[in-house]
Structures are given as C-alpha cells and as structure tokens.
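None of the values given here were measured: they were computed from a predicted structure. Quick note on labels: first sequence line is chain A, next is B, and so on, each numbered from 1.
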Number of protein chains: 2
Amino acid sequence: MSPRAPREAPGAPTIVDVARAAGVSKGLVSLAVNNRPGVAEATRLRVLEVADQLGWRPNLQARTLSTQTTYALGLVLRRDLRIVAADPFYPAFMAGIETVLTEQGRVLVLSVVGDEAAEERAYRTLAADRRVDGVFLNDLRHDDRRVPLLVELRIPAVLLGRPDGDAPFPCVVLDDAAGVTAAVHHLVDLGHREIAHVGGDPALLHARHRRRAFEEAVAERGLVPTAVVDTDFSMTQGAAATAALLAGRTRPTAIVYANDPMAISGLGVLQEAGVDVPGEVSVVGFDGTETARHTHPPLTTIRSDPQEWGAAAARTLLTLTASGSAPDVELAPAELVVARSTGPAPPARST
Amino acid sequence: MSPRAPREAPGAPTIVDVARAAGVSKGLVSLAVNNRPGVAEATRLRVLEVADQLGWRPNLQARTLSTQTTYALGLVLRRDLRIVAADPFYPAFMAGIETVLTEQGRVLVLSVVGDEAAEERAYRTLAADRRVDGVFLNDLRHDDRRVPLLVELRIPAVLLGRPDGDAPFPCVVLDDAAGVTAAVHHLVDLGHREIAHVGGDPALLHARHRRRAFEEAVAERGLVPTAVVDTDFSMTQGAAATAALLAGRTRPTAIVYANDPMAISGLGVLQEAGVDVPGEVSVVGFDGTETARHTHPPLTTIRSDPQEWGAAAARTLLTLTASGSAPDVELAPAELVVARSTGPAPPARST
DNA sequence: CTGAAAGCGCTTACAG
DNA sequence: CTGAAAGCGCTTACAG
C-alpha cells in the first residue's frame with residue numbers, strides 16, 4: 001500500500017477535500033467548523049454546507065494528536081469480582097455517565113482490575129497513553145493513595161464522595177448518613193432496643209460513613225449498638241456476620257446492613273435458621289436495588305440514585321476538563337424506603 | 001502557548017529525542033522498537049537501551065494516526081437498566097475481557113444505550129470516529145440487524161453465540177441447552193410431571209435456545225410443558241409470570257426460569273403466597289449467580305462461566321483484528337448445579 | 001477576514 | 001543496514 005494511495009476505496013473525505021470544494025484553505029475550514037472567531041459569516045456557512053454535502057467528519061485521531069484531548073473519560077473498577085457481580089451500583093452508575101457522554105460525542109474507557117498494584121498500573125497506563133481526558137475516582141478510601149497519584153500524573157479527576165483529606169479535585173457527594181439515621185429511628189420507633197450493624201469494608205469511606213451514622217443515631221436514642229461487624233461487602237461475609245450475630249450473647253432484634261446483597265444473604269441465613277423476619281428479627285438493607293423489591297419479605301432499604309450520581313459526575317468532570325475547575329455537587333441524600341422486612345420488636349424475652 | 005514550546009515542563013521524550021541520543025534517524029528507532037527487519041542487532045539493542053533510559057514510550061495517538069489502529073475494543077450494551085442492573089453477567093463478562101486486554105496494553109470502550117436507534121448510532125459513531133479496532137456482538141438476536149450494519153461499517157466483530165443466519169464473523173459459543181436439558185431430567189427424575197418454563201426475551205437467541213431445550217427435554221421424557229411464558233428477563237416480569245402460573249388451571253410442581261433474577265423474584269412470589277419451595281413447587285434458575293447461593297433455600301441453577309466467555313471473546317477478537325480471521329471457539333457448556341430449591345414432586349392431588 | 005506553513009509524534013516506502 | 005522525506009489529518013499562531 002503506497003502512502004499516497006487513499007486507504008479506503010472512495011476515500012473518506014478529509015479537511016483538504018472540504019477546503020478544495022469550498023475554495024478556501026484547510027486552516028479556514030478548521031476555524032469555521034470549530035466556531036472560532038475570524039471567519040466571515042458567509043464563508044462559515046458555505047464551509048459548513050460543503051462539509052455537510054461531502055459528509056465530512058473531522059478525524060478524531062488527527063484532532064487528538066493536535067489538541068492533546070481524547071474526548072474520552074476513564075473509569076477504573078477495583079473490586080473483587082464476587083462483589084462487583086452482585087452489586088447493581090456500577091451498571092446504573094455507568095449508564096448515568098453514558099447519558100451525558102453520548103450526547104457530547106464522548107466515550108467511556110473502562111478498566112477492571114483485581115488488586116491495588118494493578119489499579120495503579122491502570123491509571124499510569126491511561127495517563128502514559130493519554131487515553132482519557134479525566135477519570136472518575138470511585139470507592140474513595142481512607143487516605144486514598146490515588147489522589148496523590150493522579151496529581152502526579154496530572155490527570156483531572158472527579159471524586160465520588162467527599163474525601164477525608166485534602167484533594168485538588170471537585171467532588172460529587174451523595175449523603176449516605178441521612179438514610180441510615182432514618183432507618184435507626186424507624187427501628188427504635190418500632191420498639192427495637194437491640195440493633196446491630198453489618199458494615200462494609202472499613203477501608204472505604206462510604207462504609208465508614210454508614211457505620212458512623214449508625215453508631216451516632218443509636219447513641220442519639222440513648223442506646224448502644226448490640227454489635228457492629230465489618231465485612232468486605234460480599235454476600236458471603238454478610239451471611240457469616242449474620243450467623244455470628246445469631247450465635248452471639250445478645251441476639252439483635254434488628255440488623256442494618258451496609259448494602260442490599262448482604263441484607264439478602266443475611267435474610268437467607270435468618271430464614272434458614274428458622275428465624276422469622278420481621279417477626280423475630282427486622283432487616284434493613286442499603287441501595288434500594290431491584291432485587292430488594294422481590295425478596296420474601298420485600299426489604300426495607302435505603303435508596304440512592306446511582307444513575308443520577310453518574311450523570312452528575314460526568315457533567316462535573318467535563319466541566320473540569322473544559323475549564324480547569326468545577327464546583328462540588330451535592331445530590332439528594334439517600335432515603336429510607338420502608339417495606340415488610342421491618343416490623344415491631346418482638347416482646348422482650350429473658351435470656 | 002507557542003507551538004514550538006514543549007507542552008510539558010520537562011517534556012515527555014519523543015522519538016526524536018531517542019534518535020538523537022542514539023545517534024540514528026527516527027525512522028530507524030521506529031523499526032527497532034517495532035521489531036522490524038532491516039536493523040542491525042547491535043543498533044537495535046542500543047536504540048532499545050537509550051529508549052529505556054530516557055523512559056520513552058511511543059505516543060499512542062501519533063501511532064494511531066499513522067497506523068489506523070486504536071488498540072481499543074468496543075462493547076455496546078443495549079438493555080433496559082432494570083435488567084442490566086440485576087444481571088451479574090456483564091460485570092463478570094467485562095472482567096474476563098479485561099484480563100486479556102490489560103496484558104496487551106489494550107483498552108475497553110463501553111457504551112450503554114437504551115433503545116435500538118441509540119444502539120445503531122453508537123456503532124456508527126464508534127466506526128466514524130475510529131474509536132475501536134473491533135467490537136463484541138452480545139445478546140445476539142434473531143435476524144440480527146447489527147450483523148449487516150457492522151459489515152457495512154467494515155468493523156471486525158466477534159459474535160457471542162452462534163448466529164441464526166450467515167455472518168462473516170467468528171463466534172464464541174457457550175452451549176445453554178445442555179444445562180436446561182439436565183435440569184428437566186433432574187426434575188422428571190424427582191417425579192415432576194407438571195413443569196413450566198419462564199423464558200426470557202424471545203427476541204434474544206439465547207432465550208430461544210433455552211426455551212427450545214426446555215421443550216425438547218420435556219418431550220423427550222414423554223411429557224408436555226405445563227406452560228411456557230415469555231418475559232423480558234426482568235425480575236418484575238418473572239414475578240408476574242410466576243403469579244400467573246400459580247393462578248393457572250394446572251399449577252406446575254416445578255418451574256425452570258431463564259435466569260437467576262427471575263427465579264429469585266419467582267421464589268419471592270411463591271413464598272409470599274405461602275407456597276413451600278421445594279415442598280410444593282421446585283425452582284430452577286439459570287446463571288449460577290452468587291445471589292442464588294444465598295437465598296432461602298439456595299437455588300438449583302445452571303452455571304456458566306461468563307468471565308471465561310469474555311476472555312475467549314477478547315482473544316478471538318484480537319486474533320481477528322491482527323490476522324483478518326479467527327476460528328470459532330466452543331466453551332464448556334453450562335451445567336446444572338443442584339441445591340435445595342428442587343426436591344421430590346409433591347403427591348398428586350385432585351384438582 | 002484569509003492563506004501558507006509549521007507542528008502534533010509517529011510509520012513507512014524509497015534511495016543509497 | 002541506514003537516512004531523509006513524505007504522509008496520517010487535523011489545529012494554530014503568524015503574516016498579510
């Protein structure tokens with residue numbers, strides 16, 4: 001294939017074809033289609049019309065090479081597959097991102113990694129290859145090492161949640177605490193005094209927030225938690241934690257889980273053990289997943305809107321890459337949705 | 001910013017820097033790092049060493065512009081969000097893709113769309129912008145219009161499953177039928193005579209395959225299906241179908257669902273109606289999800305390996321883009337995993 | 001308001 | 001075996 005021969009039979013039109021057909025230079029075509037000042041209106045219209053007739057679209061790769069922008073955003077998922085697979089958060093979150101990227105001709109580059117080393121490599125590769133104009137920083141962690149990493153790599157980012165340290169990036173926040181607080185009040189109002197929490201992975205900030213909100217709400221009502229158990233957010237550990245609570249000294253009459261999958265596996269453990277839900281133990285999930293609506297009984301849970309979160313984060317990240325800064329965004333807080341897995345506390349029994 | 005000034009303070013090294021430092025032309029550097037013939041071994045080694053010292057990586061965008069290859073693969077998801085979110089197939093499938101892309105320095109471009117028009121636009125945009133070197137064709141449909149579309153767009157593809165028409169693309173096949181057949185035999189062996197199927201979306205080939213396998217296996221054992229109901233694969237329709245079966249003239253003693261989420265919502269409906277599982281009705285899912293292991297009772301289901309499917313598809317697509325052709329791949333078939341949601345048929349009762 | 005030219009950082013025939 | 005040059009298809013100061 002000679003370098004002079006067009007690669008495609010008819011040859012997709014290039015900016016040169018448009019310039020020739022419009023009788024102007026290719027530089028002018030570029031100015032015209034990019035709405036830059038310094039082009040007579042009549043000329044602009046003519047160029048646009050010719051471009052349209054020829055069916056010309058600027059070649060993205062060439063534009064990328066010139067402008068150093070890729071029109072792509074990156075998302076790196078680091079999670080145990082068992083956990084990602086059962087967790088409906090990400091599909092909805094990504095769909096939300098897509099709603100805004102699509103209409104902007106942007107694209108999402110996805111990376112799924114297993115451990116922290118692979119995660120760091122993923123960010124470094126995205127940066128070195130200039131694959132993306134910015135990234136979403138999800139599953140924020142305590143003292144998150146990715147923040148200095150992204151600063152070092154000079155890659156713009158939007159944080160999903162409020163970081164616990166300083167970070168030179170805008171954040172999009174969805175308050176978990178309000179829902180947990182409401183759940184605890186709901187349970188206390190139903191007469192529960194022995195309430196336990198099956199928390200998530202304490203390395204993750206949102207797991208910490210949920211746990212702290214639980215502890216504070218319980219204290220606020222003059223109680224102490226019956227137990228608080230950390231997990232990795234997996235159904236397996238949710239089930240194990242539930243079994244441990246059942247076997248413990250004081251059996252809780254209500255359990256607040258840090259996500260729906262664990263609440264569902266907990267429900268399974270309770271029912272397998274012959275414990276009536278909500279007759280003997282009330283169960284509260286977190287997420288407001290589709291599955292939670294279809295269990296027996298349907299789960300009381302705390303609902304957030306991951307799709308809106310994705311959309312807001314994408315808008316913020318695009319603003320950041322375009323202008324160099326973007327304001328923080330506060331989304332509607334997660335809220336309690338009461339279903340039939342919670343009910344009045346059983347009459348107190350002597351141990 | 002003058003066009004002569006380097007964009008980054010120290011300036012990431014370019015091929016020119018390497019050529020200068022190694023005392024050769026940049027063309028030779030390119031030949032050396034790409035392992036092309038016509039470079040003296042000693043020269044090649046020297047170039048490589050210098051490149052390494054300078055920390056040079058070829059600029060991906062520039063390479064893309066020259067070679068017209070993007071080192072990226074595309075996946076377009078068109079599904080109702082309610083369904084995607086509850087379905088753990090895609091996270092695992094994408095993780096499988098990533099395992100092979102990552103080690104090849106490739107990247108996955110993801111698009112999530114709602115309807116068929118948006119889907120077509122997504123493929124057209126990927127092609128027009130030359131975002132990807134090839135795409136995964138998932139959720140194969142009857143007489144799939146995407147096949148001629150991709151031919152028209154001249155974009156290589158790998159089919160996930162065997163198409164029902166001709167297609168000039170390799171396919172990676174995972175046989176659904178064997179597992180469904182085994183499930184029916186399992187139920188018949190347990191004494192069931194009234195077996196129903198809650199199928200998936202009949203527009204999708206895999207839903208059709210599962211349904212046909214069900215019907216054939218039932219016939220093979222001299223029975224007729226009690227009922228076969230189509231759905232859209234959502235938990236909601238799975239629940240509705242189950243309620244309809246309960247209310248029907250002949251109540252089935254066993255139900256085979258086309259996916260786990262519907263089996264789970266079906267289980268919820270049965271239990272809410274006071275129907276004992278498996279005492280009165282046996283339930284079989286399809287997918288082998290994590291959730292199915294944690295329900296009460298745990299689900300008998302049909303397990304496949306979506307992660308391996310993703311990895312095999314990625315390997316096939318890379319082979320195709322590299323060499324212009326790739327052989328079809330046949331994966332291990334889905335297999336029955338028996339748990340406690342299936343049991344002996346209840347004694348026959350008079351209606 | 002417009003044109004001509006250089007530049008983005010690679011790859012690839014073509015000469016020597 | 002190596003060098004010099006053209007090409008990929010855009011964008012962007014710089015002159016006029």
Verdict with reasoning, A/K26 to A/T14, per side-chain contact (heavy atoms from CB on, under 4.5 Å): CA-CA 9 Å; A/K26 58 181 190 156; A/T14 74; over 6 Å; no

Contact under 4.0 Å: B/T43 side-chain N or O vs D/dT2 OP1/OP2: yes

Spacing between A/R57 atom CZ and D/dT11 atom P, to the nearest angstrom: 13 Å

Sugar-phosphate only, base, or nothing, as touched by B/T14 at under 4.0 Å among non-hydrogen atoms: sugar-phosphate

Spatial distance of atom CG (B/L317) from atom CG (B/L137) [nearest 0.5 Å]: 10.5 Å

Spacing between A/L60 atom CG and D/dT11 atom C1', to the nearest angstrom: 14 Å

Sugar-phosphate only, base, or nothing, as touched by A/L28 at under 4.0 Å among non-hydrogen atoms: sugar-phosphate

Along DNA chain C (nearest heavy atom to each residue), the more 5'-positioned of B/L31 and B/Q61: B/Q61

C/dT11 OP1/OP2 closer than 4.0 Å to side-chain N/O of B/N34: yes

Nearest-Å distance for atom pair CG/C1', residues B/N59 and C/dG9: 6 Å

A/R20 CZ - D/dG9 C1' separation (whole Å): 13 Å

Nucleotide of C/dC1, D/dT11, D/dG3 approaching A/A40 most closely (side-chain heavy atoms): C/dC1

Nearest to side-chain heavy atoms of B/R36, which nucleotide of C/dC10, C/dA6, C/dT12: C/dT12

For atom CD of B/Q68 and atom P of C/dG9, their distance in whole Å: 19 Å

Rounded distance (Å) that lies between atom P of C/dT12 and atom CD1 of B/I15: 11 Å

Sole candidate of A/T70, A/N34, A/T69 that passes side-chain hydrogen bond (donor to acceptor under 3.5 Å, both in side chains) when paired with A/R63: A/N34

Working for side-chain contact (heavy atoms from CB on, under 4.5 Å), residues A/L318 and A/L73: CA-CA 9 Å; A/L318 288 179; A/L73 264 26; 3.8 Å; yes

Positive for side chain to side chain contact (heavy atoms under 4.5 Å, CB included) with B/W309, one of B/N138, B/V173, B/I97, B/L174: B/L174

Watson-Crick and G-U pairing of DNA chain C, under 3.5 Å, as dot-bracket with | and [ ]: |||.||||||||.|||

Distance-minimising heavy-atom pair for B/A72 and B/V109: CB-CG2, 4.2 Å

Touch class at under 4.0 angstrom, heavy-atom based, for B/V16 against every strand present: nothing

Nearest-Å distance for atom pair CG/C1', residues B/D17 and C/dC10: 13 Å

For atom CG of A/D129 and atom P of C/dG9, their distance in whole Å: 15 Å

B/K26 side chain, from C-beta outward: closest of C/dA4, C/dC10, D/dC10: C/dC10

Sugar-phosphate only, base, or nothing, as touched by B/R44 at under 4.0 Å among non-hydrogen atoms: nothing

Spacing of CE belonging to B/M94 relative to CG belonging to A/L77, to within rounding of 0.5 Å: 7.5 Å

Distance-only polar pair, side chains of A/D129 and B/Y71, donor-acceptor under 3.5 Å: no

Candidate nucleotides D/dC8, C/dT11, C/dC10, ranked by approach to the side chain of B/L65 - the nearest: D/dC8

Side-chain N,O (A/S66) to OP1/OP2 (C/dC8) below 4.0 Å: no

Among C/dC8, D/dT2, C/dT11, the one nearest B/V39 by side-chain distance: D/dT2

